[in-house]
Amino acid sequence: MITTDFASGSPCWLDLGVPDVPAAAAFYRSVLGWEYEPMGGGEGPEGGMFRKDGKIVAGLGTLTEKGARPAWMIYHSVADADATTQAVERAGGTVRVAPMDLDDWGRMAQYSDPLGGQFAVWQPGKTKGVELVDQPGSLCWTELYTSDAAAAKEFYGGVFGWQFGDMEMPGGGGTYSLITPAGLPEERMHGGLMQLREQDLALAGGRPYWHPVFAVTDCDAAIAAVTKSGGSVQMGPEDAEGVGRLAVCLDPANADFVVLQPSES
């Protein structure tokens, strides 16, 4: 589970970059019940915050990087963004955005892993991260699709100290690796990674990519809202034993995410 105490290396923030901010705001309002709160008073790139029940659940902004695809960016909490940047470079990763302060909110940096998967870190200032997780309409899990699971484990384990536990997918679907922050018990697992063929990673041009999983109360109702609002369903809905009912979706800009109706415990 993801919590808001944001242990080192755990997901703490996410934001969406798209070409059309108002269209994205309308889509996620329909699918997840989010309210969009613009920031900046019209100065600079358009962007703001998503809220659910008054609590911040994500950020939204206009794509500013030339050639970048619309996508969710997942940030992980760290005590020192500069030290993490050095660890990323030692492990063969690339710095896409060097550590920078965002007023007194915190310090951020963005990277690519050695195979091209993009991720980010957040060193908290007065803002630790999102305010709602593991509840309907909020982040409940993160996933990395990669072309080399062993290399990904070596890289992210070296950078964040993550612990990994492997499980076999039903029906010969391959191995799924569960991710737990360093030194924490398995009940604090926050994500997973899975190896796919490069041709199955076409969404990112054959490169690995991270995506968020959002909890919903009704998976089928959520994907009906996805398609009604101009998105599409890549996979599912399907039932995963012990996990819940889920579907892999694309928003109208082709940013990918998963909706999950968790199993009743």
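Quick note: residue numbers are just sequence positions, from 1.
Residue pairs that meet the salt bridge (charged side-chain N to carboxylate O under 4.0 Å, His left out) test with at least one member in residues 4-31, sequence neighbours left out, are Asp5-Arg188, Arg29-Glu35.
Under the 6.0 Å cut-off for aromatic ring centres, Trp72 and Tyr28 qualify, their centroids lying closer than that. Ring centers of Tyr75 and Phe6: at least 6.0 Å apart, outside the cut-off. Checked against the 6.0 Å centroid criterion, the rings of Phe214 and Trp34 qualify as a close aromatic pair.
Heavy atoms from other residues, nucleotides or ligands lying under 6.0 Å from CD of Gln199 number more than 12. Residue Glu37 places its CD atom among more than 12 non-hydrogen atoms of other residues, nucleotides or ligands, all under 6.0 Å distant. In Gln234, the CD atom is crowded: over 12 heavy atoms of neighbouring residues, nucleotides or ligands sit closer than 6.0 Å.
Considering only heavy atoms from C-beta on, Leu260 comes within 4.5 Å of Cys140 through its side chain. Between Met100 and Leu102 the shortest side-chain heavy-atom distance falls below 4.5 Å. Here the side chains of Leu178 and Met167 are in contact, with some heavy-atom distance below 4.5 Å. Between Val57 and Leu132, the closest side-chain pair of non-hydrogen atoms falls below 4.5 Å. Residues Val159 and Thr84 form a side-chain contact, since some pair of their non-hydrogen atoms from C-beta on lies under 4.5 Å apart. Counting heavy atoms from C-beta on, the side chains of Ser77 and Lys128 never come closer than 4.5 Å.
The heavy-atom pair separating Arg207 from Gly116 by the smallest distance is NE-O, 3.9 Å. In terms of heavy-atom proximity, Pro237 sits nearest to Cys219 at CB-SG, 4.0 Å. Taking each heavy atom of Arg69 and Ala204 in turn, the nearest pair found is NE-CB, 3.8 Å. For the pair Pro99 and Ala81, the tightest heavy-atom approach, listed with the atom from each and the gap, is CG-O, 4.0 Å. Contact between Val259 and Cys249 at its shortest, heavy atoms only, is CG2-SG, 4.1 Å. Smallest separation of non-hydrogen atoms from Pro70 and Pro19: CG-CD, 3.8 Å.
In this structure, CD in Glu187 is found 11.5 Å from OG1 in Thr3, a value given to the nearest 0.5 Å. A distance of 10.0 Å separates OG in Ser138 from CG in Leu14, rounded to the nearest 0.5 Å. In this structure, NZ on Lys153 lies 11.0 Å from OG1 on Thr146, to the nearest 0.5 angstrom. Remark: Leu250 CG to His211 NE2 distance equals 10.5 Å, nearest 0.5 Å. To the nearest 0.5 Å, the span separating CG on Asp200 from OG on Ser147 amounts to 11.0 Å. Note that CG of Leu115 is 5.5 Å distant from CG of Asp148, once rounded to the nearest 0.5 Å.
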* Asked: What do the steps show when you test Asp220 against Arg245 for salt bridge (charged side-chain N to carboxylate O under 4.0 Å, His left out), and what is the final call?
  -> CA-CA 9 Å; Asp220 294 83; Arg245 188 163 175 79; 2.7 Å; yes

* Working for side-chain contact (heavy atoms from CB on, under 4.5 Å), residues Met194 and Leu144 -> CA-CA 6 Å; Met194 186 173 180; Leu144 172 65; over 6 Å; no

* To do: Evaluate salt bridge (charged side-chain N to carboxylate O under 4.0 Å, His left out) for Arg107 paired with Asp80, printing each intermediate quantity in order.
  => CA-CA 9 Å; Arg107 189 166 173 80; Asp80 187 331; over 6 Å; no

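Side-chain heavy atoms closer than 4.5 Å link hydrophobic residues (I, L, V, M, F, W, Y) into clusters, and following such links, even through other members, never connects Val18 to Leu63. In the hydrophobic clustering of this structure, Ile2 groups with Leu32; members are Ile, Leu, Val, Met, Phe, Trp, Tyr whose side-chain heavy atoms approach within less than 4.5 Å, directly or through other members. Linking ILVMFWY side-chain heavy atoms closer than 4.5 Å, directly or via other members, places Leu201 and Leu203 in a single hydrophobic cluster. When hydrophobic clusters are built by joining Ile, Leu, Val, Met, Phe, Trp and Tyr residues whose side-chain heavy atoms come closer than 4.5 Å, directly or via intermediates, Val31 is grouped together with Ile56.
Judged purely by atom type and a 3.5 angstrom limit, Glu131 has no side-chain atom pairing as donor or acceptor with the backbone of Lys55. Within the 3.5 Å criterion, the main-chain N or O of Ile223 finds a donor-acceptor partner in the side chain of Thr227. Checked by atom type and distance alone, the side chain of Glu238 never pairs as donor or acceptor with a backbone atom of Leu246 at under 3.5 Å. A donor-acceptor pair under 3.5 Å links the side-chain atoms of Thr62 to the main chain of Glu46, judged by distance alone.
The only option from Asp104, Asp103, Asp101 that meets the salt bridge (charged side-chain N to carboxylate O under 4.0 Å, His left out) definition with Lys126 turns out to be Asp104.
Side-chain contact annotation: Tyr176 with Asp166, donor-acceptor N/O pair under 3.5 Å absent. Side-chain N/O atoms of Arg96 and Gln110 include a donor and acceptor closer than 3.5 Å. Tyr156 and Asp113 are linked by a side-chain donor-acceptor pair at a separation below 3.5 angstrom, with hydrogens and angles left out of the test. Using modelled atom types and a 3.5 Å distance limit, the side chains of Ser112 and Thr94 yield no donor-acceptor pair. Inspection of the Thr175 and Glu168 side chains reveals an N or O donor paired with an N or O acceptor under 3.5 Å. Using modelled atom types and a 3.5 Å distance limit, the side chains of Tyr111 and Glu89 yield no donor-acceptor pair.
Between Phe155 and Phe119, the two ring planes are perpendicular [angle over 60°; tilted spans 30° to 60°]. Phe164 and Trp162 have perpendicular rings, their planes meeting at more than 60° on a 0 to 90° scale where under 30° would count as parallel.
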